[in-house]
Every structure is written in C-alpha cells, then in structure tokens.
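None of the values given here were measured: they were computed from a predicted structure. Letters go in sequence order (proteins before strands), and every chain restarts at 1.
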Amino acid sequence: MACVLAHCVQDLTMIKILSFFLTNLCAFLMGYIPFPIPYFYGMSFLDALNEPQLKAATSIQGPVMIIAGPGSGKTRVLTFRIAHILSQGVDPFEIMALTFTNKAAREMKNRIEAIQGTGARSLWMGTFHSVFARMLRSEATKIGYTSNFTIYDSDDSKNLIKNIIREMGLNDKTYKASSVHYRISLAKNNLINHQEYPLQTELVQEDEAYGRPKVADIYKEYAKRCFRAGAMDFDDLLLKTHELLESVPEVLYKYQHRFKHVLIDEFQDTNFLQYSIVKKLADVHQNICVVGDDAQSIYAFRGASILNILNYERDFPDVQTFRLEQNYRSTKTIVAAANTIIANNKQQLAKKIWTDNADGDRIKVIRSMSDNEEGRLVADAIFEQRMRDHISNSGFAILYRTNAQSRSFEEALRRLNIPYRIYGGISFYQRKEVKDLMAYLKLTVNPNDEEAFKRVVNYPARGIGKTTMEKLIVFAADNDRSLWDIADNIALFPFPAAARKNLTEFVTMIKSFQAQLGKMHAYDLAAQVAKSTGILKELYNDQSVEGLSRYENIQELLNSIREFVDPGEYNQLVPVDATEADRSLAAYLQQVSLLTDADQQDGTDDTVKLMTVHAAKGLEFESVFIVGLEENLFPSGLSVNSREELEEERRLFYVAITRAEKKLTLTHAASRYKFGSLDYCEPSRFIDELPQDQLEMVGYNKAARSGREEYVTYQAPKITRPAPAQPAFTHQASAGFSPAAPNELQEGMDVEHQKFGFGKIVGMEGNNDGKMATIQFQKAGQKKLLLKFAKLSIVRN
DNA sequence: GTGGGATCGGTTTTT
DNA sequence: CCGATCCCAC
C-alpha cells in the first residue's frame, strides 16, 4: 500500500517536473524567437488572412461594414487594414481609429508598428473619449473653455448633481443623484443638450411619470455649473466635440479634410452621439470602416443601439458589407453552445458562426451550496486543470456579472497559492487619498474646478467648515462666479475674520503652486503639493495598515506622474493618441481621468484574471469560468423586466461563453450572502437554454431540477491544502454588539483597538439594556483613558 | 468646527 | 456588510 502511494507521489512529481519544463520551454520559445511579422507571414503581410478577411482588409475605398463574429480574427483584419492603408502612402496622422479601450489601441499600434515601422505612432488611435479629449484640448478655447479643462468622473458629476438637488430644495429621495445623472447622460448621448431637453416631450413626460418634473432644470443648472468650473464630464467630451464641429466651421473643415480614413472598432457599442461625430468627420472622404457584431452589443444601458448599424446602412447606401463567420478561437462545443444561446434572441441579424476546430470537452456546470464553496470549487478546478491540461495561470479567467462577486474567488485562490489579478472594482484613481492629491493638482491647473475645491478646501482640516462653505456657495451662485473667484476676492464679501483668514491662506497656498506650474518639474511640483498641504504628513502619522497603504498609494501616484513626464521605455500613461508630446501636468490629469480598467493591466504576467463579463470583451482565454449563474444575478434582477433588457443579458452571456478557447465551466451557488444574511438562489435560466446533452453536471441534486427523487452526492475534489491560519482575533466587539459580546470581553483583558492599537480594557461600566456596554480602553504604555466606546478585537493568548 | 458613534439605506454593467 | 449621513459632546 505504502509502495503504491509512493509511486503515485513519484508520478505526480514527474508530472510536475514535466509540466514545469514544458511551460518554461514554451515561455522560452515565445520570448526569444524574434517575431518579425512580415517575414513570418510570408512575402506580404496580407498573405496571412483568409479569403473574407483579406477582402475586408483591402477594400479601403468608400464606406465599409465588417460584421465579425467572436473569434473571427477581427483585430487582425483591422490591424492589417490600417497597415495596408499606410502602405498605399497615406500619412499616419490622416487616420483615425477608435477602439474600445486604450489598451486595445496600444496593442494594435504595436502590431502595426511591427509591420510598418515607427510612423504608426502618430496615428490618431484610442478610445472615443481620449481621442476627442485630445482634440478638445487644442480647440476648447473656440467654445469658451480653457485647454486646461478638468474632466469630471462619474463621482464628481453625481456629487455636483446632488448638491444642485439640495440647493434647489428638492427631495433627494425622489431626486436621486444617480438616476438624475443617468437621465442627463442618456440625453447627452442622444445629442440632446440642456436647451433642447425641455422641448423633448417624451423625455419630459417620462420624468413627470416618475414624479421628477424638475430634471430639465437640474440639467440646465448642471451644465451651467460644469461650464463655470471649466469642467467636462465624460459625456461632455463627446457632446462638446460635436458642438465644436457643428459651430466652428474651420475646425470641422480642418479635421474633415485631415482624416482620410476613419475606423471604428466595436461599432455595436457606440451610441448615437459618437456615431454622429464620426459621421461628420468622415463626410468629406467617406472612407469609413466600422467593425462590429450585433450579438455582442452589451452597452445599451449606455445608449448604444442596434439602430446605429441600421442608420449606417441608410446613411451610406453604397456600403460594402463583409461577414466574418468562421471562428478560430473556440471548440465546436463552445461555438454550438453560443449559437444555441443567442438563438433565443429575437432582435438580431441572421448569421451563423462556425468553426473547423476540434469538438473539445463538454461544458461543465457546477452547483455549489454557497458563494464561498463556489470560490473553493473554482480554485480547485483551476489547480487541477493547471496540472492535467498544462494550462498556465494566464490561461484562466473567472468572469462574473458584478464586481462585488470577486471576494470568494480571491480568498480561495489565495489559499491555494494561485496568483491572480482583479480588474475593475475600485480602481487606483478612485481611492480617497489619490483623489485628494489629484484634487489639489486639478485645482492648481484649473482653480475654478468646483468639485476639487470642495474636496480639499478643508482637507486636511483648516477651519473652513460647513457654515463658511454654505456662504461661499451662496455668494458664488448670486454672482455667477466660481467658488475660487469668491475666495480669491474674499474682501468683497462679508465673512467673519477667522473664515476670511483661513480662506486667504488656502488661496495663497494654491497660488504658490500655480506660480511653479511652468517652472517646476511636474513630479517635483506634485511632491511639493503633497508635502506642503499636509496630506503626506497626515497619512504618515496614521500607522494603521490602511494608513500605510494610503501612504504608498500617494507615492505610487507621484511615481506615475514622474513616468508620464519622463517617458521611459514602456509607459502605460503615455497618451496613446499623442503625436506631439504634451507632458504638462494638465495633460496628465486629463489622460488619467480616461484610463479604463483594462488599461491597468500589463497583461503579460502569469496570473489568473478576475473581471466582469463587460471587462472581458475582446479577450480570450483557454479556460473560462462563468460564475454566479443565478436568477437575479446573471441575468441581473434589474434587467428581466422587458424583452430588450433580457436579450442584452443574453448577449452578455454570449460574450462570456465565446471568450473560451478550450474549456468552459459554469457555476452557480444555491445560496449566497447578501447584506450579511443568507439568500437562496435559483439557477439561471441561461443554464436551461444551453444544449443539455453537451453539459456535464457536477454537484447536482437532480431532484431539485427535474422533480425526481434522484440524489447525486456531491464531493469536492480532494486536494490537500495547508491548514488555514488561525485568526488572531476570534471575536470582534463593537458598539452595538449582540448580548454575547460582553461575556467575551472582561476587565483586564488585552485587546487590540481598530485604530489605537494594543491596550487593555480597564472597565466595563453600565450595561444599558443588555445590548450595549461602555468599554473603557487604555492604550498600552499610556496612563490616560483613551475612550469609552471602542471597536475592539480580543487578543487570544 | 471637529470627531466619534449610531443609524439608515442600498445592490449592474463603463467612459 | 458597507458607506453616507445624522446627531451629539467637546
């Protein structure tokens, strides 16, 4: 027996060694064999394309539409198309290519460069937002903005809207900032500005039906305030571009004639506003190429519409259409599953995706009892596939519907020592400390920025409180001037002496930064801002774990500024669409606001990727896990009320499925925690829509699905893993704890306080109503009683 | 004006 | 379970 065991162990070791060897050999070959694309593909780089791809890539005169199914080599066609255009003698700066992420643009640029040389660097290529932000930066003065305009992210926009709602004395329960913001955004994306909005009877009636007749007024005030602050929100970057082209003929003329070729990737996800801009730009040369797939349209909530495809055919009647239907990515099983799913949608263009690839494995459907178990099962499966199928970490993706689902997978992967990387969620630039420093920088560049002003005028605390701010806002509104303007001319307004002094000090400080703008290196300036505002000191004094990481985040932000200003060999913040180097602080701030989640990745690391299905668009992985396939989650409970919404969820599922090359695993949990309590979950209807004979069900209590008394016992694959580390604290007590807690806490006990660190409980007076206790805590080494109520953890000896 | 504790309310997806 | 907001004591 022992002998057999020893053999197994040996075999396992052999496999490990072998797979290690193979993986490294592959990495070695990939990394070290030079990959000169033109030679690799033969005589001409065009040889590498199949028949329909070749036609799509080389028909470069006149309007073109390419309908490209998932995995059909769409990116390749686009790349070769641009390379082909360049080879016909067109200048790179006469080409505009709009992609979905900056990363996609950068990758494509690199590939084109490999074929065509470094000239490709000056292509106008990037996301709609970043390309037009760049255009606005040089043209903004023609529509009354400065070129240093701030870009408001959605938090800034919502804050401003919330303030406006309050100032207008409206009920902020009926007027929720997020829904008002959504309405305004929807309007902007359909080319309706604030003057136009009240005239749109349909919109106004909808608002009234929801009991929000004042949305038009809020929109108007919002537009006014943004303008006064010298700020544009995400939608403004497009709307103002459109306005610019509409109202300034010489600008329109200049760009219309410049761009001989315009290309749009992911056309199904562009909205009316974006389409209108591009249509204008392409009007002279009419060389416009759109690439898309209606089945992968997943941004209708953002205003994207299938109508664009129909409009396109109407607006350009002599359009040439190409269809790429052969899938080179996935197994037959996966392609069949995708086709079966999408066939449930009524609204779609007819097409059939097919593949020559192998049949491949059946699709696994795993049922787990809880979200935590779901995490463990997926981690176990990855561990197993890594060994058995020789898939490297980077060959795996875990895709979920909402960012909040990542937690259980993180924990499980960490336990098995599987390296992973999460995209999305709270991004680096959304963190409080980063936003704080950024606000100072924004204010330095554009002092009228109202959101930045409000954010930092009293951070760190300098005695400018609610009352002073309220006055400031009132004076600003009365005089239609920015907050900064009022603060800068404080003598003209009645303020108490203390407030006047504090505000003046603040203004003087910001002005001292501004004085350095042109003279000082942007990095040094930012570092000085961090220091002299007291942000750095404040964070440095915070010795908690979070405080430490905040401090590091500030350092990281400073580093990214340095990288931007001193472009190194590889720098992800370099504007992808930059022809001339604009490396001012203002340019940095604008670029950073437009980074997408996908841009954060360097993509080359060997990690399992965790992301939402939305973020996975355009990517592919050997083995894909689509998790949380439950009713009300995927499809989202908010998107099952109309056929259109449900069909978008189904397209989302379609996108998720088609990311997989070889293996596809679907999971759902029978229950999951929601707001701290267990919630029971139905399996998603999408599982039922799959070809059932292609599925391998794991962990199913079949009776629950078919009504028959047939139980399948579920067993998790046995994988030895290190015993979980004993938690240092077994019970966390806090003000408002349950009656059980005081029994755990005793006088004289050593405890750790969340914020003040280690100490002792010196008293436990006054149990009010058996639910609350007053805890007296004394910090170690200090005589003074620090506080009465405390959030504490017990330290076990 | 400041800071801490209690209380309430809320879940999509992204530039 | 989280964060925003309210409320109260200094």
Side-chain angles (χ1 to χ4, degrees), chain A residues 98-102 126-133 151-154 157-159 162 166 172-173 176-178 182 185 188-189 232-238 266 269-271 273-274 297-304 399-405 407 423-427 429-430 432 458-469 496 498-499 502 593-599 611-617 628 632-640 645 648-649 651-652 655-656 672-677 679 732 734-737 754-756 771-772 774-775 786-791:
Chain A
L98 299 162
T99 58
F100 203 70
T101 63
N102 289 305
T127 60
F128 275 90
H129 290 84
S130 67
V131 167
F132 293 134
I151 296 171
Y152 277 174
D153 65 19
S154 12
S157 304
K158 277 182 215 154
N159 270 336
K162 195 199 257 170
R166 268 192 214 151
D172 58 5
K173 293 219 170 74
K176 274 188 256 162
S178 57
Y182 177 75
S185 176
K188 285 183 177 176
N189 283 315
M232 298 194 200
D233 66 16
F234 286 137
D235 305 314
D236 283 337
L237 292 175
L238 307 173
E266 309 281 9
D269 288 325
T270 57
N271 57 43
L273 173 54
Q274 291 168 320
S297 163
I298 54 176
Y299 284 97
F301 72 90
R302 209 167 84 182
L399 308 181
Y400 34 73
R401 179 69 232 274
T402 70
N403 284 306
Q405 285 166 256
R407 201 211 78 247
Y423 298 115
I426 296 183
S427 84
Y429 297 98
Q430 310 255 62
K432 184 192 170 300
N458 198 31
Y459 176 83
R462 50 174 73 89
I464 302 168
K466 220 167 83 187
T467 331
T468 311
M469 276 311 288
N502 292 336
S593 316
L594 297 173
L595 282 181
T596 64
D597 284 329
D599 296 324
M611 66 187 92
T612 63
V613 180
H614 283 91
K617 202 171 66 144
N632 295 324
L633 187 57
F634 198 173
S636 156
L638 298 169
S639 299
V640 290
E645 285 172 345
E648 174 149 327
E649 293 287 313
R651 289 194 296 269
L652 200 53
V655 168
R672 72 176 61 236
Y673 276 96
K674 238 181 195 179
F675 293 139
S677 64
D679 219 54
Q732 192 190 55
S734 65
F737 46 69
Q754 272 191 341
K755 193 161 171 194
F756 296 99
K771 281 193 170 179
M772 305 245 254
T774 307
I775 299 159
L786 256 180
L787 66 159
K788 282 179 181 170
F789 287 97
K791 290 191 178 176

> Tell me, please, which residues at least two apart from Asp236(A) pass salt bridge (Lys or Arg N to Asp or Glu O under 4.0 Å).
Lys188(A)
> Asn458(A) side chain N/O closer than 4.0 Å to the phosphate oxygens (OP1, OP2) of dT2(B)?
yes
> From the list dG1(B), dT15(B), dT2(B), which nucleotide is the closest neighbour of the side chain of His129(A)?
dT15(B)
> Starting from C1' on dC6(C), measure out to CZ on Arg166(A) and report it in whole angstrom.
11 Å
> Return the set of residues passing side-chain contact (heavy atoms from CB on, under 4.5 Å) with Arg302(A) (not counting sequence neighbours), or none when no residue passes.
Phe100(A), Tyr299(A)
> How many Å lie between CZ on Arg462(A) and P on dT2(B), as a whole number?
11 Å
> On DNA chain B, check which nucleotide each of Asp235(A) and Gly465(A) is closest to and give me the residue with the more 5' one.
Gly465(A)
> Would you mind reading off the distance between Phe234(A) atom CZ and dT14(B) atom C1', rounded to a whole angstrom?
8 Å
> Under a plain distance cut-off of 3.5 Å, with no hydrogens placed, do Ser130(A) and Thr127(A) share a side-chain donor-acceptor pair?
yes
> Distances under 3.5 Å only, N/O to N/O: pair up the protein atoms with those of nucleotides 9-12 of chain B.
from: dT12(B); atom 1: O2; to: Arg401(A); atom 2: NH1; distance (Å): 2.9
from: dT12(B); atom 1: O2; to: Arg401(A); atom 2: NH2; distance (Å): 2.2

> When you check the phosphate oxygens OP1 and OP2 of dG1(B), does a side-chain N or O of Thr468(A) lie under 4.0 Å from one of them?
yes
> Describe the nucleic acid contact of Tyr299(A) in one word from base, sugar-phosphate, nothing, applying a heavy-atom distance below 4.0 Å.
sugar-phosphate
> Distance check needed: dT15(B) P versus Leu273(A) CG, whole Å only.
17 Å
> Would you kindly give the CG-to-C1' distance between Asn159(A) and dG3(C), to the nearest whole Å?
13 Å
> Listed by chain and number, what are the salt bridge (Lys or Arg N to Asp or Glu O under 4.0 Å) partners of Arg166(A), not counting sequence neighbours?
none
> Residues in salt bridge (Lys or Arg N to Asp or Glu O under 4.0 Å) with Glu648(A), at least two apart?
Arg651(A)
> Is Asp153(A) touching bases, backbone alone, or none of the nucleic acid, heavy atoms closer than 4.0 Å?
nothing
> Side chains of Asp235(A) and Ser185(A): do they bring a donor and an acceptor to under 3.5 Å?
yes
> In this structure, how many angstroms lie between the P atom of dT15(B) and the CG atom of Asn189(A), rounded?
14 Å
> Could you tell me how far apart Glu266(A) (CD) and dT14(B) (P) are, to the nearest whole angstrom?
15 Å
> Looking at Arg672(A), does any N or O in its side chain come under 4.0 Å of the phosphate oxygens OP1/OP2 on dC1(C)?
no
> With sugar-phosphate meaning primed atoms plus P, OP1 and OP2, does Lys617(A) contact a base, only sugar-phosphate, or nothing at under 4.0 Å between heavy atoms?
nothing
> List for me each residue that meets salt bridge (Lys or Arg N to Asp or Glu O under 4.0 Å) alongside Lys158(A), sequence neighbours excluded, and say none if there are none.
none
> Given atom OH of Tyr673(A) and atom C1' of dC2(C), what is their separation to the nearest angstrom?
17 Å
> Has Lys466(A) got a side-chain N or O lying under 4.0 Å from the OP1 or OP2 atom of dC7(C)?
no
